[in-house]
Peer 1: 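Questions regarding the structure given below will be posed in turn.
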Amino acid sequence: MLNDGAPAARAPLPSSSAQTNPMSDQVVTRFAPSPTGFLHIGGARTALFNWLYARRHGGRMLLRIEDTDRERSTDAAIGAILDGLDWLGLDWDGDVVYQFSRVARHREVAESLLASGGAYHCYASQQELEEMRESARRDGRPLRYDGRWRDRDPADAPPGVKPVIRLRAQSEGETVVQDHVQGRVVWQNKDLDDLVLLRSDGTPTYMLAVVVDDHDMAVTHVIRGDDHLTNAARQSQIYRALGWRAPEWSHVPLIHGADGAKLSKRHGALGVDAYRDLGYLPAALRNYLVRLGWSHGNQEIFSDEEMVAAFDLGQIGRSPARFDVAKLESLNGHYLRQAPDAELVCRLETLLPVLGPARGLGTSFTPEVRRRLEASMAGLKERAKTLIELLDSAYYLHASAPLTLDAKAAALLDEAARARLASLLPILEVVAEWRAPELEAAIRSFAETAGTKLGQVAQPLRAALTGRTTSPPLFDVMEVLGRTESLARLRAQVENGADA
RNA sequence: GCUCCCAUCGUCUAGCGGUCUAGGACGUCGCCCUCUCACGGCGAAAACAGGGGUUCGAGUCCCCUUGGGAGCGCCA
């Protein structure tokens, strides 16, 4: 899936200014994705939480791309993440920090730890480590590095082997993480092994890079997925060894799929770009995401301002939430109804390159279609849950001459119905003003004289004009379509009936 | 296997020892509105995983069981 080609082609942004000097009590959060794929829904929520917390406290949210894995990081993924954040409406402060550009600093910190005795060289080979894990697995022992080089004389180093640098972690006592979400979490140090800080090729591990960068970027609050909870313990050890103050932690439970299993690509772990193409509004996704794992009493709908004002780490739940498309759709329907008509036309148009071709539409609307869309939007948006539904429900506005009837509409237009329309035709032809109220009056009186219910006339008419059995209010439809177009569509069906 | 986390309607959740015959939202099902479908309104079914404690009193605190989840890389 990943394009491993030439990541070196990318010029990393300079990040020498990462050493910031903010006011000491300013809140600084960060979103730190690794660019190995799109911005998925879990990452989006993490970004949102970081964004909200920073905004809530008048602080800053930084963006750091963790691209130290040169094999798996791609420019395409960086682009997708940036685009995703942009679409979601989450902005960050300052320049993007590319972690890879900071390797020299990471190495420097590792060396300093080595010099101070807080770390040591380990010459164990990959194979050796694998055997260690294998035998531990076999004997039912914990899978940990056994510290074989921890106190060994470096003179014993095998020739020609490039060592890694490992943290000389405390082996007794406990490591405590005070977490705003998880509470006080305690590990016995004997259960934690000596992690690798610097690989044998001189590049930093994630564990080191994160600590150094968060420190240098003056991050005060780390808000991330709880798959990092045990990492927090190990990172605490690094902070302690360095004599640095650790940030405030908040480990948010992961989002699960509808079946309760971890959200994977198989079920719903789509990139936010997919949600955009599925016709969801960023505001709806934000609102859905903020309520997934977080609550504020019984409030369900939050404007951005309300979200920012109410957001609080302490109200984040500790159990994983399942992703529920139905609720997202419901919220999306709400925001659709609330959105200005012109904005919706605009959003539809930006989706046209994606949705248009399959629907016989170009990549933009004609002025006439745009006019009709806007005039009908009030009635249309009330009936749609997504922009796709909205576009599909507007079929009749851009359909050309011979309207394609869907199955229900075709069934509705039986002989009797066509006959009814045939006798209605001359009445409509002489309607003085082609406006909804006049049309309604004319059709109601026609139904009355014919001794039928309005629905008996309205439904066939709707089918003839829109090709569907559902639509916005019929008389509005007629007004927007105009006299010429309406009568043409009506005649087409009446004649069609005569042929049959 | 080891470490850690979690557990209220199908789903998201409110609840932070008594106000809980457990509230809201989505979804589901009725009814109303009505030219269709929606929207809107009204109503219904629907949960404290199980077992022990603590307490005058437990959905709320503790323990165990069960069931989920995360982590245990020279990935991030």
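So that the names make sense, note that chain A is the first sequence line, chain B the second, and so on, each numbered from 1.
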Peer 1: Is A/R70 close enough and on-axis enough to A/F100, meaning under 6.0 Å and within 45°, for cation-pi?
Peer 2: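 So A/R70 does make the cation-pi contact.
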
Peer 1: Can the ring centres of A/Y335 and A/Y288 be said to be less than 6.0 Å apart?
Peer 2: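 Not close enough - the centres of the two rings lie 6.0 Å or further apart.
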
Peer 1: Is a donor-acceptor contact shorter than 3.5 angstrom present between the side chain of A/D227 and the base of B/G71?
Peer 2: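 In this structure, the two groups form no donor-acceptor pair.
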
Peer 1: Check whether any side-chain N or O of A/R133 sits under 4.0 Å from OP1 or OP2 of B/C74, and answer yes or no.
Peer 2: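 The answer is yes; a side-chain N or O of A/R133 sits under 4.0 Å from OP1 or OP2.
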
Peer 1: Which label fits A/W294 and A/H296: parallel for a plane angle under 30°, tilted from 30 to 60°, or perpendicular past 60°?
Peer 2: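 Parallel, since the angle between the ring planes stays under 30°.
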
Peer 1: Considering only the P atoms, how many Å lie between B/U28 and B/C62, rounded to the nearest integer?
Peer 2: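 Roughly 38 Å separates the two P atoms.
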
Peer 1: What interatomic distance, in whole Å, is found between C1' of B/U65 and the corresponding atom of B/G43?
Peer 2: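 Their C1' atoms lie roughly 41 Å apart.
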
Peer 1: So, A/R383 side chain and A/S393 main chain: donor-acceptor pair closer than 3.5 Å or not?
Peer 2: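 Not at all, since once roles are kept as given, no pair shorter than 3.5 Å links the two residues.
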
Peer 1: Taking only the side-chain heavy atoms of A/N231 (C-beta and beyond), determine which of B/C4, B/A76, B/C37 contains the nearest atom.
Peer 2: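 The answer is B/A76.
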
Peer 1: Pick the C1' atom in B/C9 and in B/C20, then give their distance to the nearest Å.
Peer 2: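 Each nucleotide's C1' atom is 15 Å from the other's.
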
Peer 1: Does A/R322 reach a base, just sugar-phosphate, or nothing at all? Heavy atoms under 4.0 Å.
Peer 2: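 Sugar-phosphate, no base atom in range.
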
Peer 1: Write down the partner of B/A45 under the Watson-Crick or G-U wobble criteria, each distance required to be under 3.5 Å.
Peer 2: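 Paired with B/A45, as far as the under-3.5 Å criterion goes, is no nucleotide at all.
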
Peer 1: Mind checking A/A378 for me? I need base, sugar-phosphate or nothing, with any heavy atom below 4.0 Å counting as a touch.
Peer 2: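 Answer is nothing: A/A378 stays at 4.0 Å or more from every strand.
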
Peer 1: With a non-hydrogen cut-off below 4.0 angstrom, is A/S319 in contact with a base, only sugar-phosphate, or nothing?
Peer 2: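 Since only primed, P, OP1 and OP2 atoms lie under 4.0 Å of A/S319, the category is sugar-phosphate.
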
Peer 1: Does A/D476 or A/L328 map to a spot on RNA chain B nearer the 5' end, using the closest nucleotide for each?
Peer 2: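 Nearest-nucleotide comparison on RNA chain B picks A/L328.
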
Peer 1: If you look at every strand shown and take non-hydrogen atoms under 4.0 Å, does A/P472 touch a base, only sugar-phosphate, or nothing?
Peer 2: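 Base, at least one base atom sits under 4.0 Å.
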
Peer 1: Indicate, with a heavy-atom threshold strictly under 4.0 Å, whether A/G293 touches base, sugar-phosphate, or nothing.
Peer 2: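 Sugar-phosphate, backbone atoms only, no base.
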
Peer 1: Classify the nucleic acid contact of A/V186 as base, sugar-phosphate or nothing, counting any heavy atom under 4.0 Å across all strands shown.
Peer 2: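 Sugar-phosphate, backbone atoms only, no base.
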
Peer 1: Within less than 4.0 Å of OP1 or OP2 of B/C35, is there a side-chain N or O belonging to A/R444?
Peer 2: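 The answer is yes; a side-chain N or O of A/R444 sits under 4.0 Å from OP1 or OP2.
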
Peer 1: Taking atom types as modelled, find out whether A/D194 and A/Y120 have a side-chain donor-acceptor pair closer than 3.5 angstrom.
Peer 2: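 A/Y120 and A/D194 do have a side-chain donor-acceptor pair below 3.5 Å.
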
Peer 1: Using atom CG of A/L197 as one end and atom P of B/G73 as the other, report the distance to the nearest whole Å.
Peer 2: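 In whole Å, B/G73 P and A/L197 CG are 15 Å from each other.
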
Peer 1: Counting only side-chain nitrogens and oxygens, does A/K385 get under 4.0 Å of the OP1 or OP2 atom of B/C39?
Peer 2: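 Yes, A/K385 has a side-chain N/O under 4.0 Å of OP1/OP2 on B/C39.
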
Peer 1: Whether A/R72 contacts B/A76 is assessed here as follows: a side-chain N or O lying under 4.0 Å from the phosphate OP1 or OP2. Is that the case?
Peer 2: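 For A/R72, the contact criterion (side-chain N or O under 4.0 Å from OP1 or OP2 of B/A76) is not met.
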
Peer 1: Using whole Å, report how far NE2 of A/H334 lies from P of B/A25.
Peer 2: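 Computing the A/H334:NE2 to B/A25:P distance gives 14 Å.
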
Peer 1: Between the base of B/C74 and the side chain of A/S200, is there a donor-acceptor distance below 3.5 Å?
Peer 2: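 Side chain to base: pair present.
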
Peer 1: Out of B/C12, B/G27, B/C35, which has the shortest distance to the side chain of A/K327?
Peer 2: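 Output: B/C12.
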
Peer 1: Under the 3.5 Å rule, do the base of B/C5 and the side chain of A/R318 count as making a donor-acceptor pair?
Peer 2: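 No, no donor-acceptor pair under 3.5 Å.
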
Peer 1: Can you pull the ring pair (Phe, Tyr, Trp, His ring centres under 6.0 Å) pairs that have at least one residue in residues 438-468 of chain A, sequence neighbours excluded?
Peer 2: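 As it turns out, there is no ring pair (Phe, Tyr, Trp, His ring centres under 6.0 Å) pair with a partner in residues 438-468 of chain A once direct neighbours are skipped.
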
Peer 1: Need the pair for B/C20. Rule: Watson-Crick or G-U wobble, both distances under 3.5 Å, any strand; none if unpaired.
Peer 2: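 Result: none.
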
Peer 1: Write down the distance separating the C1' atoms in B/G68 and B/U34, rounded off to the nearest Å.
Peer 2: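 47 Å, rounded to whole Å.
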
Peer 1: Tell me whether the side-chain N or O atoms of A/R337 pair up with the base of B/C39 as donor and acceptor below 3.5 Å, since no angle test is needed here.
Peer 2: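 Checked by distance alone, the answer is no.
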
Peer 1: If you measure from the P atom in B/A49 to the same atom in B/C4, how many Å do you get, rounded?
Peer 2: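 23 Å, rounded to whole Å.
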
Peer 1: Should A/T68 be listed as having a side-chain N or O under 4.0 Å from OP1 or OP2 of B/A76?
Peer 2: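 Answer yes for this pair, as a side-chain N or O of A/T68 is under 4.0 Å from OP1 or OP2.
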
Peer 1: From CG of A/L195 over to P of B/G73, roughly how many Å is that when rounded to an integer?
Peer 2: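 In whole Å, B/G73 P lies 10 Å from A/L195 CG.
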
Peer 1: Under a 3.5 Å cut-off for both distances, is B/U60 Watson-Crick or wobble paired, and to whom?
Peer 2: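 Here B/U60 is not engaged in any pair, so there is no nucleotide opposite it.
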
Peer 1: With no hydrogens and no angle check, just 3.5 Å: does a side-chain donor-acceptor pair link A/S471 and A/R462?
Peer 2: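 On atom types as modelled, these side chains qualify, holding a pair under 3.5 Å.
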
Peer 1: Using a 4.0 Å heavy-atom cut-off across all strands, classify A/S471 as base, sugar-phosphate, or nothing.
Peer 2: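 Touches a base.
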
Peer 1: Are the side chains of A/E66 and A/P33 in touch, meaning some heavy atoms are under 4.5 Å apart?
Peer 2: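 Result no, sub-4.5 Å side-chain heavy-atom pair not found.
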
Peer 1: Counting the atoms with a prime plus P, OP1 and OP2 as sugar-phosphate, which does A/H228 contact under 4.0 Å by heavy atoms, base, sugar-phosphate, or nothing?
Peer 2: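 Since a base atom lies under 4.0 Å of A/H228, the category is base.
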
Peer 1: Go through B/A14, B/C35, B/G27 for me and flag the one nearest to the A/L454 side chain.
Peer 2: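 Closest of the options to the side chain of A/L454: B/C35.
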
Peer 1: If pairing requires Watson-Crick or G-U wobble contacts with both distances under 3.5 Å, which nucleotide is the partner of B/C39?
Peer 2: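 In the structure as shown, B/C39 has no Watson-Crick or wobble partner.
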
Peer 1: Applying a 3.5 Å limit to both distances, which nucleotide forms a Watson-Crick or G-U wobble pair with B/C4?
Peer 2: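 B/G69 - that is the nucleotide pairing with B/C4, both distances being under 3.5 Å.
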
Peer 1: Any base atoms under 4.0 Å from A/V164, or only sugar-phosphate, or nothing? Heavy atoms, all strands.
Peer 2: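 Base contact - A/V164 has a heavy atom under 4.0 Å of at least one base atom.
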
Peer 1: At 4.0 Å (heavy atoms only), tell me whether A/L229 reaches a base, stays on the sugar-phosphate, or touches nothing.
Peer 2: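 If one applies the 4.0 Å heavy-atom cut-off, A/L229 turns out to touch the sugar-phosphate alone, with no base involved.
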
Peer 1: Taking B/A45 as the reference, what is the distance to B/C2 when you measure between their P atoms (whole Å, please)?
Peer 2: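 To the nearest whole Å, 46 Å.
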
Peer 1: Which nucleotide, in any strand shown, forms a Watson-Crick or G-U wobble pair with B/U55, with both distances under 3.5 Å?
Peer 2: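 Paired with no nucleotide.
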
Peer 1: With sequence neighbours excluded, tell me which residues meet salt bridge (Lys or Arg N to Asp or Glu O under 4.0 Å) with A/D226.
Peer 2: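 If we apply the salt bridge (Lys or Arg N to Asp or Glu O under 4.0 Å) test to A/D226, skipping adjacent residues, there are no hits.
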
Peer 1: Nearest to the side chain of A/W187, which nucleotide is it out of B/U3, B/U36, B/C12?
Peer 2: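 Of B/U3, B/U36, B/C12, B/U3 is nearest to the side chain of A/W187.
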
Peer 1: Let's see if you can work this out: which of B/C35, B/C5, B/G24 has an atom nearest to the side-chain heavy atoms of A/N298?
Peer 2: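 The answer is B/G24.
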
Peer 1: Counting distance only, does the side-chain N/O of A/R418 pair as donor-acceptor with the main-chain N or O of A/L421 below 3.5 Å?
Peer 2: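 Pair absent, no side-chain N/O of A/R418 close to backbone of A/L421.
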
Peer 1: Which residue, A/R184 or A/G317, contacts RNA chain B at a nucleotide closer to its 5' end, judged by nearest heavy atom?
Peer 2: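 The answer here is A/R184.
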
Peer 1: Where the side chain of A/R291 is defined as all heavy atoms beyond and including C-beta, which of B/G10, B/C5, B/G24 is the nearest nucleotide?
Peer 2: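 Of the options given, the side chain of A/R291 lies nearest B/G24.
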
Peer 1: If you check the A/S295 side chain, which of B/U36, B/G71, B/A14 turns out closest?
Peer 2: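 Side chain of A/S295 sits closest to B/A14.
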
Peer 1: How far does the P atom of B/A38 sit from the matching atom of B/A46, given to the nearest Å?
Peer 2: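 So the two P atoms sit 26 Å from each other.
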
Peer 1: Between B/G30 and B/U54, how many Å separate the two C1' atoms, rounded to a whole number?
Peer 2: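 Comparing C1' positions in B/G30 and B/U54 gives a spacing of 46 Å.
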
Peer 1: Just checking A/I301: base, sugar-phosphate only, or nothing, at a heavy-atom cut-off of under 4.0 Å?
Peer 2: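 Counting heavy atoms under 4.0 Å across all strands, no contact is made by A/I301.
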
Peer 1: For A/E66, report the nucleic acid contact type (base, sugar-phosphate, nothing); a contact means any heavy atom under 4.0 Å.
Peer 2: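 Contact class for A/E66: sugar-phosphate only.
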
Peer 1: Under 4.0 Å between any heavy atoms, over every strand shown, what does A/Y288 touch: base, sugar-phosphate, or nothing? Just pick one.
Peer 2: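 A/Y288: no heavy atom of the nucleic acid under 4.0 Å.
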
Peer 1: Given B/U13, B/A76, B/C4, identify the nucleotide with an atom nearest to the side chain of A/T205.
Peer 2: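 From the listed options, B/A76 comes nearest.
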
Peer 1: Look at all strands and tell whether A/P33 reaches a base, only sugar-phosphate, or nothing, counting heavy atoms closer than 4.0 Å.
Peer 2: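 Here A/P33 touches no strand at all.
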
